[in-house]
Amino acid sequence: MEQNNRKAWLYLLPALAFLGVFMIYPLVDVVIYSVEEGYNSASQTFFGYGFYNFDFVLHDAYFLQAVRNTLVLVAITVPVSTGLSLLIALGLSSIKPLRNLFQTVYFLPYVTNTLAVGLVFMILFKQTEYSQGLINLLIQAFGGSAVDFINGPWWAKMTVTCIYTVWIVMPFKILILTSALASVNQDYYNAARMDGASKSRIFFKITLPMIMPIVFYLIITGFIGAFKAYSDEVALFGTDLNAAGMNTMVGYVYDMLYGNGGGFPSYAAAAALILFAIILTITVINLLVSRGRR
Amino acid sequence: MTDTNEYGREGAKIRVLGTVRKVFTYAGLSLWGLVVLFPFYWMILTSLKNYGAYTSEYVPRFFTLSPTIENYLKAFSAVPLAKYFLNTLVFTLATTALMLLIIILAAFAFARLDFKGKDLLFTLFLSLMMIPNELVIITNFQTVTLLGLRNTFTGLILPSVTSVFYLYLLREAFAQVPDSLYLAAKVDGTSDFKYLWKVILPICQPTVVTIVILKIIECWNSYVWPRLITDNQAYFLVSNGIQEIRENGFGRENIPAMMAAVVAISLPLIILFLVFHKKIMAGVSRGGTKG
């Protein structure tokens with residue numbers, strides 16, 4: 001046993017070393033950073049301890065803008081993508097021919113580089129000197145007026161961001177929901193059909209309750225993913241998201257750390273902890289609600 | 001007689017309804033398929049258009065009669081795209097290989113060996129899954145900067161060589177290998193290490209392959225950490241490269257060349273997906289995240 005003990009720790013040593021240095025130590029350190037006031041990266045000195053960093057971040061116009069953008073993004077993309085993917089998964093599970101083909105095609109965005117494909121969305125929506133861009137031409141064809149989605153008003157930029165985000169997150173949700181629907185026991189459906197239950201009744205009384213835990217799981221991961229949005233925005237609007245007015249909370253953390261306005265790890269730490277607190281709260285609320293329903 | 005007629009009519013009505021429903025379902029599914037595929041079609045199409053032709057189209061054409069590869073030549077000559085590819089390849093292979101080695105050893109300890117505090121330690125490991133990367137990246141950035149590892153492969157690779165989630169997946173697979181095999185190996189005098197390499201790994205190969213593929217996708221697409229750690233183009237990965245191209249590449253708004261770079265960057269993963277799509281989808285549905 002004694003020897004086995006030592007051997008086991010030897011096997012664990014690399015994992016423990018890396019996790020210790022790059023995960024556990026940073027976890028403690030980020031809290032320390034967040035309460036060190038006036039930290040200077042170059043000289044590694046600071047004045048004292050306190051909550052000034054949080055105060056600064058919470059009153060920073062850029063942070064508030066980032067919070068607003070993130071909240072709008074979460075509030076729109078999570079319900080839209082969850083609802084749409086449920087609809088598509090239901091459609092998929094009701095057909096036989098071509099089903100595998102559809103499923104494979106739908107998964108394609110998952111394996112693409114978000115920064116690369118974001119550029120395609122950018123050129124589809126962008127106005128340039130020589131063309132309005134495909135989407136604007138479509139809008140005009142239907143009688144609307146063109147708008148610059150990439151450099152134009154806030155709502156237009158938000159619209160593209162939401163569309164791109166939904167496009168990116170759908171593959172995962174469709175995949176999970178399709179396999180959840182496939183695992184519902186067919187006996188329930190057969191019994192319900194025997195009793196002459198209508199399609200909508202079967203959906204609300206059998207299908208939905210059976211897949212509800214998965215839907216909740218998707219909502220929680222969707223919330224967390226949307227709160228951590230960042231690279232999709234970079235793909236559409238470039239790295240200077242503050243100037244574009246499209247920064248997100250994660251983007252604010254990185255910008256504080258590095259880049260044009262960077263060099264303030266303490267502010268970055270405070271913002272990251274605020275983000276973590278929000279995510280944790282939502283996760284706990286979601287868990288409580290889903291447990292209450294069961 | 002009238003009764004059967006009634007039933008017959010009902011049956012026909014249901015059949016018609018069913019057909020209508022089918023038509024709508026297929027139409028809707030095809031529509032979403034179009035939404036998914038259109039950006040891919042558009043990037044390939046644009047990358048094949050001549051720069052002059054592209055800028056002269058006020059209403060973009062949905063096909064091209066004179067495809068050209070000049071954009072691809074430009075993409076690989078005007079910016080060091082080949083270098084970005086090579087960097088990403090080195091980064092992906094090194095990260096995946098190192099991570100695999102580390103988690104195989106740890107998963108074996110958790111699945112097969114007995115030691116004090118095993119359950120507690122495993123629970124602690126699992127709870128690390130909740131920690132978002134954004135929280136630890138700040139200190140890691142400072143650590144790597146202080147160690148003078150910015151703009152090096154070591155700095156790029158080291159923080160991503162452990163993954164609690166993949167460790168967990170692997171441990172679950174290892175734990176399913178029957179005890180009797182282990183005991184038999186012990187009787188034969190096989191060492192633990194040899195048992196792990198010659199018996200467990202071949203049995204658990206499907207899980208290992210899944211983990212490798214998922215990690216490759218993750219590495220190929222990683223953007224944030226490389227961006228923080230590299231500002232020297234010689235160490236850019238493809239994500240940073242494409243961002244650099246977006247901001248200052250190819251002179252003034254050469255979108256066809258930009259799309260050629262996008263196609264080149266997307267292609268390796270799409271090929272990987274077409275070959276392994278069953279494995280990838282099964283792996284992701286077992287607990288991938290992103291979304």
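Every chain is numbered from 1 and lettered A, B, ... according to where its sequence line falls, protein lines coming before strand lines.
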So L124(A) and F38(B), do their side chains get closer than 4.5 Å, heavy atoms only? yes
Output the option from L128(B), V161(B), T143(B), V224(B) having the highest count of non-hydrogen pairs under 4.5 Å with chain A. V224(B)
Between R246(B) (side chain) and A235(A) (backbone), is there a donor-acceptor pair under 3.5 Å? yes
Need one label for I174(A): side chain, backbone, both or neither, based on atoms under 4.5 Å from any heavy atom in chain B. side chain
For F62(B), is it the side chain, the backbone, both, or neither that has a heavy atom closer than 4.5 Å to a heavy atom of chain A? side chain
Could you look at Q243(B) and say if it's the side chain, the backbone, both or neither that has a heavy atom under 4.5 Å from chain A? side chain
Between L37(B) and chain A, which part of the residue has a heavy atom less than 4.5 Å away: side chain, backbone, both or neither? side chain
Part of I123(A) lying under 4.5 Å from any heavy atom of chain B: side chain
Please look at M256(A) and chain B and tell me whether the side chain, the backbone, both or neither of the residue comes under 4.5 angstrom of a heavy atom of that chain. neither
With chain A, which of I137(B), D231(B), I270(B), L274(B) has the greatest number of heavy-atom pairs at distances under 4.5 Å? I137(B)
L167(B) versus chain A, heavy atoms under 4.5 Å apart: side chain, backbone, both or neither? neither
Which atom pair, heavy atoms only, marks the closest approach of A272(A) to I138(B)? CB-CD1, 3.9 Å
What's the spacing between S191(B) OG and K7(A) NZ if we round to 0.5 Å? 7.5 Å
Keeping E247(B) on the side-chain end and T239(A) on the backbone end, is there a donor-acceptor pair under 3.5 Å? yes
Highest number of heavy-atom pairs under 4.5 Å with chain B: which of V30(A), T178(A), L175(A), L273(A)? L175(A)
Chain A contact via T25(B) - which portion, at a heavy-atom distance below 4.5 Å: side chain
Under 4.5 Å to a heavy atom of chain A? For L196(B) that would be side chain
Go through it in stages, so that I can follow the logic: the residues are Y110(A) and F273(B), the test is ring-ring contact (aromatic ring centres under 6.0 Å, His included), and I'd like the CA-CA distance, side-chain angles, deciding distance and then a yes or no. CA-CA 10 Å; Y110(A) 189 92; F273(B) 175 66; 8.9 Å; no
Heavy-atom distances under 4.5 Å only: say whether I265(B) touches chain A with side chain, backbone, both or neither. side chain
Kindly compute the distance separating CE (M170(A)) from CH2 (W32(B)), expressed to the nearest 0.5 Å. 4.0 Å
Of Y106(A), F18(A), F102(A), the largest count of non-hydrogen pairs under 4.5 angstrom with chain B goes to Y106(A)
Distance col, row T112(A):OG1 vs L269(B):CG, nearest 0.5 angstrom, shows 8.0 Å
How close do L115(A) and S239(B) get, counting heavy atoms only, and between which atoms? CD1-CB, 3.6 Å
Work out which heavy atom in P60(B) is nearest to a heavy atom in L137(A); give both atom names and the distance. CD-CD1, 3.4 Å
Identify which part of L13(A) has an atom lying under 4.5 Å from any heavy atom of chain B, answering side chain, backbone, both or neither. neither
Once you measure the plane-to-plane angle for F108(B) and Y11(A), does it fall in the parallel (<30°), tilted (30-60°) or perpendicular (>60°) bin? tilted
For Y258(A) and R227(B), the nearest pair of non-hydrogen atoms, with its separation, is CE2-O, 3.6 Å
Side chain / backbone / both / neither for L84(A) at chain B, heavy atoms under 4.5 Å: side chain
With only heavy atoms counted, which part of N240(B) is less than 4.5 Å from chain A, the side chain, the backbone, both or neither? neither
Side chain, backbone, both or neither: which part of L158(B) has an atom under 4.5 Å from a heavy atom of chain A? both
Using non-hydrogen atoms only, which part of V35(B) is less than 4.5 Å away from chain A: side chain, backbone, both, or neither? both
Top contributor to chain B interface from Y254(A), Y230(A), F276(A) [non-hydrogen pairs under 4.5 Å]: Y254(A)
Between N113(A) and S266(B): side-chain donor-acceptor atoms closer than 3.5 Å: no
Heavy atoms only: give me the nearest L12(A)-A109(B) pair and the separation to one decimal. CG-CB, 3.7 Å
Please give me the minimum heavy-atom distance between K96(A) and Y26(B), naming the atom from each residue. N-OH, 4.2 Å
Considering only heavy atoms from C-beta outward, does the side chain of R6(A) approach that of F115(B) to under 4.5 Å? no
Got N221(B) and T114(A) here, is their nearest side-chain heavy-atom distance under 4.5 Å? no
With the side chain counted from C-beta on, respond yes when N5(A) and K116(B) share a heavy-atom pair under 4.5 Å apart, and no when they do not. yes
Greatest number of non-hydrogen atom pairs under 4.5 angstrom with chain A, of T162(B), L113(B), T55(B), falls to T55(B)
Output yes when a side-chain donor or acceptor of W42(B) lies under 3.5 Å from a complementary backbone atom of F121(A), and no otherwise. no
What part of M130(B) gets closer than 4.5 Å to chain A, counting heavy atoms only: side chain, backbone, both or neither? both
Any side-chain heavy atom of F125(B) within less than 4.5 Å of one from L19(A)? yes
Is it the side chain or the backbone of S30(B) that comes within 4.5 Å of chain A heavy atoms, both, or neither? both
Go through V105(A), V234(A), L10(A), L90(A) and name the one with the most non-hydrogen pairs under 4.5 angstrom from chain B. V234(A)
Ignoring hydrogens and angles, tell me if any N or O in the side chain of N140(B) forms a donor-acceptor pair with the backbone of F22(A) under 3.5 Å. yes
Taking NZ in K199(A) as the centre, count heavy atoms belonging to other residues, nucleotides or ligands within less than 6.0 Å. Is the count above 12? no
Any heavy-atom pair between the side chains of L101(B) and P14(A) that's under 4.5 Å? no
Looking at CG of L29(B) and CD of Q103(A), how far apart are the two atoms once the value is rounded to the nearest 0.5 Å? 10.5 Å
Checked W9(A), Y25(A), W167(A) vs chain B; the most non-hydrogen pairs under 4.5 Å come from W167(A)
Quick one: pull up CD1 in I32(A) and OG1 in T139(B) and give me the separation to the nearest 0.5 Å. 8.5 Å
Going through the distances and angles, do M249(A) and E134(B) end up as a side chain to side chain contact (heavy atoms under 4.5 Å, CB included)? CA-CA 10 Å; M249(A) 290 175 77; E134(B) 289 70 25; over 6 Å; no
Bottom line for K22(B): the part with an atom under 4.5 Å from chain A's heavy atoms is side chain
Which atoms of M281(B) are under 4.5 Å from chain A, going by heavy atoms: the side chain, the backbone, both sets, or neither? both
Go through the atoms of P171(A) and report whether side chain, backbone, both or neither lie under 4.5 Å from a heavy atom of chain B. neither
